[in-house]
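Each remark here refers to the structure printed beneath this line.
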Amino acid sequence: MLRPAFPIRTARLILRPFRPGDLDALHAVQSREDVTRYLHWEPRTRLEAATALAKRMRRDMLDGDGQVLGIAVERADTGELIGDLNLDWLSAEHRRGEIGFVFHPSHHGRGFAAEAATELLRLGFDELGLHRIIGRCDGRNGPSAALMQRLGMRQEACLRENVIVQGTWADELVFAMLEQEWRARPSR
């Protein structure tokens with residue numbers, strides 16, 4: 001079981017559960033075509049973003065397989081919601097999980113996603129006790145692939161035309177990190 005001790009503070013970010021007041025900021029991210037172009041859903045209307053927010057607000061802990069922890073990413077200096085994270089508990093028996101992240105483009109290129117995703121890996125390995133964490137992205141999504149590599153994850157697969165993304169067959173890249181690789185990282 002994992003119930004993070006929120007809020008979690010990093011050098012520049014606050015990671016916390018989603019709350020009703022996040023709707024405008026979440027919609028500002030989820031309604032953008034440049035954000036959703038490699039995701040399995042199209043830009044969302046305000047109503048669709050409200051539905052997504054309601055689901056995220058119920059995802060503040062993990063207590064079994066198939067559950068997803070949703071985390072809001074806020075800038076500590078401005079209080080602005082800039083992105084969101086997912087930690088999926090894929091299998092308790094096999095101690096496997098998956099991470100995911102989406103950030104507003106105006107905050108790209110500053111290391112915020114790496115800072116937040118590193119904390120997500122810490123939650124998975126150190127607090128949930130996972131043995132293996134994967135991350136997946138559309139093969140055309142170079143920035144996401146590069147981020148996972150910067151996190152120390154290795155690319156294990158390129159699954160050719162494995163998923164349909166917004167009506168088009170797309171390759172899916174699979175990255176992974178093992179618990180012992182997490183523990184051996186130089187920054188630890």
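What you see is a predicted model; the values in this text were computed from it and never measured.
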Donor-acceptor contact present, side-chain [X] to main-chain [Y], <3.5 Å:
X      : Y      : value
Asp126 : Leu123 : no
Glu181 : Gly152 : no
His108 : Phe103 : yes
Glu119 : Leu15  : no
Asp138 : Arg140 : yes
Arg95  : Ser91  : no

Is the shortest side-chain heavy-atom distance between Leu87 and Ile71 below 4.5 Å? no
Side chain proximity check, Leu130 to Leu90, heavy atoms < 4.5 angstrom: no
Arg154, CZ atom: more than 12 neighbouring heavy atoms under 6.0 Å: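 Check passes, neighbour count above 12.
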Residue pair Thr36 / Glu42, side-chain donor-acceptor N/O under 3.5 Å: no
Among Ile82, Leu81, Thr10, Ile14, whose side-chain contact (heavy atoms from CB on, under 4.5 Å) with Val73 holds? Ile82
Please determine whether salt bridge (charged side-chain N to carboxylate O under 4.0 Å, His left out) holds for the pair Asp24 and Arg46, giving the CA-CA distance in whole Å, both sets of side-chain angles, and the decisive distance to 0.1 Å. CA-CA 8 Å; Asp24 289 339; Arg46 185 171 176 79; 2.6 Å; yes
